[in-house]
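Note that the coordinates shown come from a computational prediction; the quantities given were computed from them, not determined experimentally. Side chains included, hydrogens not; waters and symmetry mates left out as well; all remaining heavy atoms used. Heads up: numbering here begins at 1 and tracks the sequence.
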Amino acid sequence: MDLAIPDNVLVDQGKAEGNDADMEDFRHHVDEISTKVDKLEHTLHEVEQFYSTTGKKQLNTSKGTSVAKDKDKHIANFKKRQQDASRREAAATKRMQELMRQFGTILRQAITDAFCFFQSS
């Protein structure tokens, strides 16, 4: 019972050693990344726990209502600033349109005067 080894199974020994080193390096990097992911998951869980307990405490205390009021004030101020910015932008657009209209009038007069000047010469 002589078993023949196919040619495609035979691997150069130098390549196999190089591949082993590369694979070991790759495994090491995978382990490092896996460790970092585990740490991040743990940190995320701690943050979720913190905010879930903090949120419940704020709802049960009178301080929570003042936090909600402050939040409402900040939202109202933000909306007001957005409206003010929109108004300023609209006013600037109107001013720019008026300036462009005036420039067009001046340019048209200058071209007409220049045309008349060259016609009379």
Side-chain angles (χ1 to χ4, degrees):
M1 294 187 65
D2 188 23
L3 296 175
I5 300 173
D7 290 337
N8 61 353
V9 175
L10 295 175
V11 178
D12 183 22
Q13 188 63 28
K15 285 185 180 178
E17 289 174 4
N19 287 340
D20 287 342
D22 290 342
M23 287 300 291
E24 187 60 36
D25 192 36
F26 181 74
R27 283 187 189 115
H28 178 70
H29 288 299
V30 169
D31 288 341
E32 286 178 357
I33 291 171
S34 179
T35 303
K36 289 179 183 179
V37 168
D38 290 340
K39 287 180 182 179
L40 287 172
E41 285 178 344
H42 180 71
T43 305
L44 175 65
H45 183 68
E46 288 176 351
V47 170
E48 286 176 339
Q49 288 286 346
F50 174 78
Y51 281 108
S52 67
T53 57
T54 303
K56 290 176 184 176
K57 287 179 185 176
Q58 284 183 349
L59 291 176
N60 294 334
T61 63
S62 61
K63 195 174 191 179
T65 57
S66 68
V67 169
K69 288 179 183 177
D70 287 343
K71 186 177 179 182
D72 290 341
K73 286 180 183 177
H74 288 295
I75 291 172
N77 285 338
F78 177 73
K79 287 181 179 179
K80 184 178 179 184
R81 285 191 302 244
Q82 276 186 324
Q83 289 173 347
D84 290 344
S86 296
R87 285 189 199 115
R88 284 193 304 271
E89 188 175 340
T93 301
K94 286 182 180 180
R95 285 193 306 272
M96 181 60 74
Q97 289 173 346
E98 179 62 22
L99 286 172
M100 293 299 289
R101 188 190 63 75
Q102 290 174 357
F103 178 73
T105 302
I106 292 169
L107 184 63
R108 197 174 311 109
Q109 287 175 353
I111 290 172
T112 304
D113 291 345
F115 184 71
C116 290
F117 176 75
F118 288 117
Q119 287 289 339
S120 64
S121 297

Visitor: Quick one: pull up NE2 in H74 and NZ in K79 and give me the separation to the nearest 0.5 Å.
Guide: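 The NZ atom of K79 is 14.5 Å from NE2 of H74, to the nearest 0.5 Å.
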Visitor: Between CZ of R27 and CG of D31, what distance do you get to the nearest 0.5 Å?
Guide: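 Here the rounded value is 9.5 Å.
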Visitor: How far does CG of L40 sit from OG1 of T35, to the nearest 0.5 angstrom?
Guide: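 Rounded to the nearest 0.5 Å, the CG-OG1 separation comes to 11.0 Å.
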Visitor: Rounded to the nearest 0.5 Å, what separates atom CZ in R88 from atom CZ in R95?
Guide: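 Spacing of CZ (R88) from CZ (R95) equals 10.5 Å.
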Visitor: Suppose we screen for side chain to side chain donor-acceptor pair (under 3.5 Å). Which residues come up paired with Q83, at least two apart in sequence or across chains?
Guide: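 With neighbours one apart ignored, the set is empty.
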Visitor: Scan side-chain atoms only and decide if H45 and E41 contain a donor-acceptor pair under the 3.5 Å cut-off.
Guide: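 There is no such pair (donor and acceptor under 3.5 Å, judged by atom type) between the side chains of H45 and E41.
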Visitor: Which pairs pass salt bridge (Lys or Arg N to Asp or Glu O under 4.0 Å) with one or both residues in residues 97-110, sequence neighbours excluded?
Guide: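 Counting only pairs at least two positions apart or across chains, the salt bridge (Lys or Arg N to Asp or Glu O under 4.0 Å) contacts touching residues 97-110 are E98-R101.
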Visitor: Under the rule for side chain to side chain donor-acceptor pair (under 3.5 Å), what residues qualify as partners of R81, not counting sequence neighbours?
Guide: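 In terms of side chain to side chain donor-acceptor pair (under 3.5 Å), with neighbours along the sequence ignored, R81 is linked to no residue.
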Visitor: Are V47 and F50 connected, step by step, through hydrophobic side chains (Ile, Leu, Val, Met, Phe, Trp, Tyr) whose heavy atoms are closer than 4.5 Å?
Guide: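 They do share one cluster, since a chain of ILVMFWY contacts under 4.5 Å joins V47 to F50.
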Visitor: Quick one, F115 and Q119 - any side-chain contact, counting heavy atoms below 4.5 Å?
Guide: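 Yes; the side chains approach each other to less than 4.5 Å.
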Visitor: Holding to side chain to side chain contact (heavy atoms under 4.5 Å, CB included), I want the full list of residues that pass it with L107, two or more places apart in sequence or in another chain.
Guide: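 Checked L107 against side chain to side chain contact (heavy atoms under 4.5 Å, CB included); matches are F103, I111.
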Visitor: State whether the side chain of T93 and the backbone N or O of E89 hold a donor-acceptor pair below 3.5 Å, judged by distance alone.
Guide: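 Yes; at least one donor-acceptor contact below 3.5 Å.
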Visitor: Step by step, would you call E32 with H28 a side chain to side chain donor-acceptor pair (under 3.5 Å)?
Guide: CA-CA 6 Å; E32 286 178 357; H28 178 70; 2.7 Å; yes
Visitor: So, using side chain to side chain donor-acceptor pair (under 3.5 Å) as the criterion, who are the partners of D38 when residues are at least two apart?
Guide: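 Side chain to side chain donor-acceptor pair (under 3.5 Å) list for D38, sorted by chain: empty.
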Visitor: Taking side chain to side chain donor-acceptor pair (under 3.5 Å) as the test, write out the residues that go with E46, two or more places apart.
Guide: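 Counting only residues at least two positions away or on another chain, E46 forms a side chain to side chain donor-acceptor pair (under 3.5 Å) with H42.
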